Amino acid sequence: MKTYRIAVIAGDGIGPDVLAEGIKILETVARMDGTFSFEFTHFPWGCEYYLKEGRMMPEDGMDILKQFDAIYLGAVGFPGVPDHISLRELLLVIRKGFDEYVNVRPVKLLKGAPCPLANVKREDIDMVVIRENSEGEYSGEGEWLNKGTPEEVVHQTGVFTRKGCERIMRYAFDLARKEGKSVTSVSKANALNYSMVFWDQIFHEISKEYPEVETHEYLVDAAACHFVRDPGRFQVVVTSNLFGDILTDLGAAIAGGMGLAAGANLNPERKYPSMFEPIHGSAPDIAGTGAANPMASIWSASQMLDFFGYENYGKLVIDAIEDVLVEKKHLSPELGGNAKTNEVGDAVQEKVAARMQHR
Ligand code: NAD
Ligand code: IPM
Ligand code: MN
């Protein structure tokens with residue numbers, strides 16, 4: 001029997017609660033299929049670990065993670081540890097260190113999910129944001145000069161490489177070609193006269209390799225407006241690290257909320273493990289209350305199933321989430337219900353089991 005070894009970093013705040021539900025779903029799918037299984041290894045890394053050990057993960061953390069088929073992450077970051085430490089020393093280290101340069105973030109309004117937009121049809125919110133995930137504005141490079149003086153100045157350097165731009169754009173175009181969709185590039189060349197002029201130039205070059213794929217281009221501010229006014233114009237969206245970060249929280253807002261927004265950090269070459277995580281954070285404002293919606297982490301688990309080649313099960317899990325949304329009996333407070341995190345997970349698990357039985 002094939003066994004997939006998964007490193008679990010539940011992390012902080014609501015991370016452990018939502019991840020437990022995703023694990024439940026993966027275990028149910030594997031058990032009922034019967035030809036493969038998951039072996040989960042839990043790592044207690046995150047802010048609590050930091051407060052005890054002075055680091056977010058052990059020194060050989062990346063060597064440990066490298067042994068796994070995938071990483072399943074909840075969320076990191078909590079008051080008490082500065083965000084630039086908690087995120088830079090764990091999440092961003094993994095994304096960059098394992099060359100997970102593709103961040104796949106679906107923005108799809110599922111049946112039964114609430115949408116705050118008036119005059120928008122459900123089918124119009126159905127896109128995927130392909131976010132560059134290894135460089136750009138997140139390069140981490142920069143300098144802090146003349147600290148504490150009136151001449152203090154900081155430089156935060158965006159690093160855009162030809163290789164980095166080309167590979168993320170090719171990923172987006174390949175996906176669009178496979179699915180018969182358009183590609184929209186989101187940039188900001190009117191203000192960012194190096195990085196985004198370069199981005200646009202490479203987009204034009206790569207688009208010539210895919211003459212059959214329709215393309216669109218927007219400045220990021222205008223794109224934000226269209227996300228709200230007319231999301232139907234987007235299908236595959238390719239954008240930089242920071243713009244993708246911001247646009248996908250906006251995407252979450254139009255597609256039901258943070259508890260419904262999933263993401264996959266992929267190393268498409270499969271040289272290193274890929275990482276699956278909800279796009280939301282540790283939500284300190286609701287941590288410990290049981291109010292977190294686990295659907296985003298369950299959706300990320302479905303992306304993991306896709307990645308391992310079980311696309312039929314990936315889809316089955318999304319269908320099961322939709323069943324629960326449509327039924328409206330087990331919804332978390334974010335969606336207007338009063339179900340606890342584990343009750344939502346149980347409800348999805350029940351629907352998954354029913355669908356597995358009738359498959
Ligand atoms: P957040 O995503 O944690 O929360 C934003 C809002 O969305 C909050 O009101 C929260 O209650 C709500 N929310 C988030 N997830 C939810 C869910 N599953 N169900 C219901 N409501 C949900 O963003 P923030 O408050 O800006 O960040 C909190 C911490 O998380 C910070 O330390 C931040 O750096 C970190 N963070 C980590 C990740 C990650 O690990 N991938 C992602 C984003 C933010
Ligand atoms: C996300 C998060 C991270 C990001 C933060 C926590 C560094 O907001 O995954 O969307 O900006 O990528
Ligand atoms: Mn984000």
Side-chain angles (χ1 to χ4, degrees), residues 8-22 45-48 50 56-57 71-96 100-107 113-114 129 131-140 156 239-253 255-265 275-300 321 325 331-345 348:
V8 178
I9 306 175
D12 308 310
I14 64 171
D17 295 359
V18 294
L19 228 56
E21 305 312 309
W45 304 341
C47 288
E48 266 181 51
Y50 178 90
M56 290 296 289
M57 63 168 151
I71 302 162
Y72 193 31
L73 184 130
V76 278
F78 216 70
V81 180
D83 276 349
H84 66 273
I85 292 180
S86 55
L87 279 311
R88 279 244 157 252
E89 293 187 6
L90 187 70
L91 180 77
L92 298 180
V93 172
I94 297 173
R95 286 182 186 165
K96 194 168 179 145
E100 296 167 348
Y101 62 89
V102 180
N103 194 187
V104 181
R105 297 190 158 186
V107 176
V129 176
R131 167 189 181 193
E132 202 297 316
N133 212 32
S134 63
E135 56 172 38
E137 307 89 341
Y138 281 46
S139 74
Q156 181 87 46
T239 191
S240 69
N241 210 333
L242 180 63
F243 295 165
D245 175 47
I246 298 167
L247 283 178
T248 51
D249 263 35
L250 179 55
M258 291 307 290
L260 270 164
N265 304 273
M275 176 164 66
F276 299 83
E277 51 161 349
I279 84 164
H280 62 70
S282 56
D285 54 341
I286 56 166
T289 66
N293 184 5
M295 287 171 168
S297 53
I298 295 173
W299 193 330
S300 315
I321 296 174
L325 289 168
L331 297 183
S332 59
E334 180 195 40
L335 301 178
N338 53 18
K340 297 281 185 209
T341 308
N342 64 319
E343 293 167 344
V344 177
V348 178

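In this text the structure is predicted, and so the values were computed from the model without any measurement. Order of listing sets the numbers, starting from 1, for every ligand and every atom in it.
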[X] contact mode with ligand 2 (heavy-atom cut-off under 4.0 Å):
X: E137; value: neither
X: R95; value: side chain
X: R105; value: side chain

V18, D285, L90, D83: member with heavy atom nearest to atom 8 (C) of ligand 1: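 Ranked by closest heavy atom to atom 8 (C) of ligand 1, first place is D285.
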
Nearest heavy atom to atom 17 (C) of ligand 1 wins, so pick from N293, T341, L91.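 Of the listed residues, N293 has the closest heavy atom.
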
Test item, [X] contacting ligand 1 (heavy atom, 4.0 angstrom):
X: D249; result: no
X: A296; result: no
X: P284; result: yes

Within-4.5 Å side-chain heavy-atom neighbours: R88 and K96: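 No, their side chains stay 4.5 Å or more apart.
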
Does the side chain of N133 come within less than 4.5 Å of V102's, by heavy atoms?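 They are not in side-chain contact.
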
Tell me: protein heavy atom nearest [atom], and distance?
atom: atom 10 (O) of ligand 2; answer: D245 OD1, 2.8 Å
atom: atom 7 (O) of ligand 1; answer: M258 CG, 3.5 Å
atom: atom 2 (O) of ligand 1; answer: G281 N, 2.7 Å

Going by the atom numbers of ligand 1, which of them fall below 4.0 Å from some non-hydrogen atom of [X]?
X: I279; value: 42 (C), 43 (C)
X: I14; value: 15 (N), 16 (C), 17 (C), 18 (N)
X: L87; value: 34 (O)

Looking only at side chains, do [X] and [Y] share a donor and an acceptor under 3.5 Å apart?
X: Y138; Y: D245; answer: yes
X: E137; Y: S240; answer: yes
X: E343; Y: T341; answer: no

Protein heavy atom under 4.0 angstrom of atom 11 (O) of ligand 1, is there one?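 At least one protein heavy atom is under 4.0 Å away.
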
Any non-hydrogen protein atom less than 4.0 Å away from atom 5 (C) of ligand 1: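 No, there is none.
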
Compute the shortest N/O to N/O distance between [X] and ligand 1 and return yes if it is under 3.5 Å, no if not.
X: A75; answer: no
X: L73; answer: no
X: R95; answer: no
X: P278; answer: no

Does even one non-hydrogen atom of H84 get within less than 4.0 Å of ligand 2?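 No heavy atom of H84 comes that close to ligand 2.
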
State whether R95 and E277 are salt-bridged, where the test is any N-O pair (Lys NZ or Arg NE/NH1/NH2 against Asp/Glu carboxylate O) under 4.0 Å.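 Here R95 pairs with E277 in a salt bridge, since their nearest N and O are under 4.0 Å apart.
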
What pair of heavy atoms forms the shortest contact from I14 to A283, and how long is it?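 Result for this residue pair: CD1-CB, 3.7 Å.
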
Would you say D12's side chain and V76's backbone share a donor-acceptor pair under 3.5 angstrom?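 The answer is no, because no donor-acceptor pair under 3.5 Å joins these two groups.
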
Can you name the atoms of ligand 2, numbered from 1 with element, that are less than 4.0 Å from a heavy atom of L87?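 Near L87, meaning under 4.0 Å from one of its heavy atoms, ligand 2 has 6 (C), 7 (C).
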
Contacting atoms of ligand 2, where contact means under 4.0 angstrom from a heavy atom of Y138: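 Close to Y138: 4 (C), 11 (O), 12 (O).
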
Specify which N/O/S atom of D245 comes nearest to the Mn ion (ligand 3), by atom name.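 Result: OD1.
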
